[in-house]
**Q** 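What follows is a single structure, and I will ask about it in a moment.
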Amino acid sequence: MAAAYDRNNVFAKILRGEIPCQKVFEDAHVLAFRDIKPQAPVHVLVIPKGEYVSSDDFSAKASPEEIAALFRAVGSIARELGIDKSGYRILANHGADSHQEVPHFHIHIFGGKSLGRMLPKE
Ligand code: AMP
């Protein structure tokens with residue numbers, strides 16, 4: 001069973017407007033903003049507005065509209081930021097083995113340079 005949603009997590013605060021963000025996209029279901037510690041020239045976080053802890057929680061409980069909105073947003077943002085031709089990587093961490101830091105589901109979009117291997121060599 002997924003962990004309970006923590007309304008004090010940093011992305012919940014961003015969604016409530018209590019913490020600023022560098023917004024790049026917003027619609028009824030989705031907010032996207034620049035990562036505060038970018039790991040690539042383009043590093044954007046795309047989050048659902050609903051309270052989902054992780055990809056596990058989102059995939060189990062989100063409505064078809066929310067799921068579609070999130071993935072449509074990822075594609076739109078990448079095109080808007082001009083990385084659809086050069087290429088980009090999307091990534092979502094879930095749980096301890098992935099080192100997920102913020103317990104509100106988010107998809108990272110990385111781009112703007114050659115991104116190297118998908119995972120570091122052991
Ligand atoms: P993850 O390890 O997948 O949970 O990634 C969390 C990401 O959130 C990290 O890349 C952080 O740099 C980013 N982050 C944390 N706080 C903020 C914030 N206030 N605004 C934007 N990004 C943030």
Side-chain angles (χ1 to χ4, degrees):
M1 198 171 121
Y5 184 80
D6 170 12
R7 291 197 168 143
N8 284 320
N9 80 74
V10 67
F11 295 169
K13 290 179 181 174
I14 287 174
L15 282 167
R16 290 196 296 268
E18 295 166 12
I19 291 179
C21 73
Q22 243 189 294
K23 182 162 75 175
V24 298
F25 177 92
E26 182 168 17
D27 70 10
H29 294 298
V30 177
L31 179 69
F33 48 90
R34 306 262 180 193
D35 197 289
I36 204 165
K37 287 186 195 158
Q39 296 183 46
V42 174
H43 186 176
V44 169
L45 301 170
V46 188
I47 72 172
K49 289 187 172 177
E51 296 182 347
Y52 301 103
V53 175
S54 70
S55 59
D56 181 61
D57 196 22
F58 185 73
S59 62
K61 297 193 202 142
S63 68
E65 290 76 18
E66 290 175 296
I67 293 170
L70 198 81
F71 279 94
R72 293 269 189 224
V74 167
S76 301
I77 292 161
R79 286 188 291 276
E80 186 63 30
L81 296 178
I83 54 172
D84 55 311
K85 303 283 189 300
S86 50
Y88 59 93
R89 181 171 294 155
I90 62 176
L91 181 149
N93 291 317
H94 162 65
D97 274 359
S98 75
H99 295 244
Q100 180 180 0
E101 286 172 13
V102 179
H104 180 112
F105 176 46
H106 49 283
I107 293 180
H108 298 256
I109 304 176
F110 301 103
K113 69 169 189 179
S114 178
L115 294 165
R117 297 175 66 87
M118 192 160 58
L119 290 174
K121 266 186 172 169
E122 293 275 315

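Quick note: numbers below take in every heavy atom, side chains included, and nothing from hydrogens, waters or symmetry partners. Starting from 1, each residue takes its place in the sequence as its number. Counting starts at 1 for both ligands and their atoms, following the listed order.
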**Q** Is it true that His104 and Tyr52 have ring centroids separated by less than 6.0 Å?
**A** no
**Q** Indicate yes or no for a side-chain donor-acceptor contact from Lys49 to the backbone of Asp27 under 3.5 Å, with no hydrogens or angles considered.
**A** yes
**Q** I'd like to check Val44 versus Asp35 (side-chain heavy atoms, cut-off strictly below 4.5 Å). Are they in contact?
**A** no
**Q** Under a 3.5 Å threshold, I'd like every N/O contact between ligand 1 and protein atoms, with atom names and distance.
**A**
residue  : atom   : partner : partner atom : Å
ligand 1 : 2 (O)  : His99   : O            : 3.4
ligand 1 : 2 (O)  : Glu101  : N            : 3.3
ligand 1 : 3 (O)  : Asn93   : ND2          : 2.8
ligand 1 : 3 (O)  : His106  : NE2          : 2.8
ligand 1 : 3 (O)  : His108  : NE2          : 2.8
ligand 1 : 4 (O)  : Glu101  : N            : 2.7
ligand 1 : 4 (O)  : Val102  : N            : 3.0
ligand 1 : 4 (O)  : His106  : NE2          : 3.0
ligand 1 : 5 (O)  : His106  : NE2          : 3.2
ligand 1 : 5 (O)  : His108  : NE2          : 3.3
ligand 1 : 10 (O) : Asp35   : OD1          : 3.3
ligand 1 : 10 (O) : Asp35   : OD2          : 2.5
ligand 1 : 12 (O) : Asp35   : OD1          : 2.6
ligand 1 : 22 (N) : Ile36   : N            : 3.1

**Q** With heavy-atom distances below 4.5 Å as the criterion, would you say the side chains of His29 and Glu65 are in contact?
**A** yes
**Q** Centres of the Tyr5 and Phe105 rings: under 6.0 Å?
**A** no
**Q** For residues 90-101, which side-chain donor-acceptor pairs fall under 3.5 Å, sequence neighbours excluded?
**A**
residue : atom : partner : partner atom : Å
His94   : ND1  : Ser54   : OG           : 2.8
Ser98   : OG   : His94   : N            : 2.9
Ser98   : OG   : His94   : O            : 3.2
Ser98   : OG   : Gly95   : O            : 2.8
Ser98   : OG   : Gln100  : N            : 3.3
Gln100  : OE1  : Gly95   : N            : 3.0
Gln100  : NE2  : Val53   : O            : 3.0
Gln100  : NE2  : Val102  : O            : 2.9

